[in-house]
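A quick note: this is a predicted structure, and the numbers were derived from the prediction, not measured. Starting from 1, each residue takes its place in the sequence as its number. Side-chain atoms are counted along with the backbone in the values below, which use heavy atoms only and exclude waters and symmetry mates.
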Amino acid sequence: MSGDRITITGLRGFGFHGVYPEEKREGQEFVVDVTMTVDLRPAAASDDVADTVHYGEVADDVVAEIEQRPVDLIETLAGRIADVVLARPLVRAVAVTVHKPSAPITVPFTDVSVTVERTREDR
C-alpha cells in the first residue's frame, strides 16, 4: 500500500459478531481502523472535498457494517468493510483492522485483532 493515504483510527460500533451464542445475544463493542490509499494530488490542488474521499462518510459506512448483519468471524467483518470502502471510486487500496477487545478469552489480554489488505484489483 504505497502512495497517499487517509487513515481513520478507532471507529467504534456495537455489534453481535462471534461464534458463541452469548456473543450473538449480548453483543459487544468493536473498534475498526481503516487506511485508504488514494491519490490526494487533485484534492490538494483544488482544495475541494469532491476530489478526495469523504472520511466522514466512510466512517458512517464502517460503523453501519459493524452494527448490522452479524457474522461469526471478525475476518468476515473486516472483509465486508474492505469491500464497502473499495466501492468508493477513488480508493485504490485499503487496510482494515478489526479489534475485538472483549473477545471471549479466558486469560488476561489487551486486544484481539485481524487485518485485511485489499486492492481494487482484488475485487
Legend entry - Note, Asp4 side chain near Thr37 side chain (heavy atom, < 4.5 Å): no
Legend entry - Residue pair Leu77 / Ile81, side-chain heavy-atom distance below 4.5 Å: yes
Inset, instruction - Find out whether Val85 and Met36 are in side-chain contact, i.e. whether some heavy atom of one side chain is under 4.5 Å from a heavy atom of the other. - result: yes
Inset, instruction - Indicate yes or no for a side-chain donor-acceptor contact from Glu65 to the backbone of Val62 under 3.5 Å, with no hydrogens or angles considered. - result: no
Legend entry - Crowding at CG, Asp47 (>12 non-hydrogen neighbours, <6.0 Å): no
Legend entry - ILVMFWY network linking Phe16 to Ile74, side-chain heavy atoms under 4.5 angstrom: no
Legend entry - Polar side-chain atom of His99 near backbone of Pro101 as donor-acceptor pair, under 3.5 Å: no
Legend entry - Ion pair check, Asp111 and Lys100, cut-off under 4.0 Å: no
Legend entry - Evaluation steps, side-chain contact (heavy atoms from CB on, under 4.5 Å), between Arg80 and Val71: CA-CA 10 Å; Arg80 284 185 179 178; Val71 296; 3.3 Å; yes
Legend entry - Approximate separation, where rounding is to 0.5 Å, of Arg120 CZ and Leu90 CG: 8.5 Å
Legend entry - Verify same cluster id: Val84, Val91 (apolar side-chain graph, 4.5 Å): no
Inset, instruction - Have a look at Arg92 and tell me which of Leu86, Thr119, Asp39 forms a side chain to side chain contact (heavy atoms under 4.5 Å, CB included) with it. - result: Asp39
Legend entry - Over all atoms of both residues, closest heavy-atom pair of Glu23 and Val19: OE1-N, 3.1 Å
Inset, instruction - Could you tell me whether Arg88 and Asp61 have a side-chain N and a carboxylate O separated by less than 4.0 Å? - result: yes
Inset, instruction - Please name the pair of heavy atoms, one in Arg12 and one in Val63, separated by the smallest distance, quoted to 0.1 Å. - result: O-CG2, 3.7 Å
Legend entry - Phe109, CZ: over 12 other non-hydrogen atoms inside 6.0 angstrom: yes
Inset, instruction - Assess whether side-chain contact (heavy atoms from CB on, under 4.5 Å) is satisfied between Val114 and Thr97, documenting all intermediate values. - result: CA-CA 6 Å; Val114 299; Thr97 300; over 6 Å; no
Legend entry - Under 3.5 Å side-chain donor-acceptor pair for Thr7 and Thr35: yes
Inset, instruction - Answer yes if Val31 and Ile66 sit in the same cluster of Ile, Leu, Val, Met, Phe, Trp and Tyr residues linked by side chain heavy atoms under 4.5 Å apart, and no otherwise. - result: no
Legend entry - Ala59 versus Ile8, closest heavy-atom pair with distance: N-CD1, 4.2 Å
Legend entry - Within-4.5 Å side-chain heavy-atom neighbours: Asp33 and Leu11: no
Inset, instruction - Give the C-alpha distance, both sets of side-chain angles, the deciding distance and a yes or no for side-chain contact (heavy atoms from CB on, under 4.5 Å) between Val32 and Val96. - result: CA-CA 7 Å; Val32 175; Val96 175; 4.0 Å; yes
Legend entry - Verdict with reasoning, Leu40 to Thr52, per side-chain contact (heavy atoms from CB on, under 4.5 Å): CA-CA 6 Å; Leu40 297 178; Thr52 188; 3.5 Å; yes
Inset, instruction - Please report the closest heavy-atom contact between Ala82 and Arg118, naming both atoms and the distance. - result: CB-CG, 3.8 Å
Inset, instruction - May I ask you to check whether Asp51 and Ser46 show a side-chain donor-acceptor distance below 3.5 Å? - result: yes
Inset, instruction - Rounded to the nearest 0.5 Å, what's the gap from CD on Glu26 to CZ on Phe14? Could you check? - result: 8.5 Å
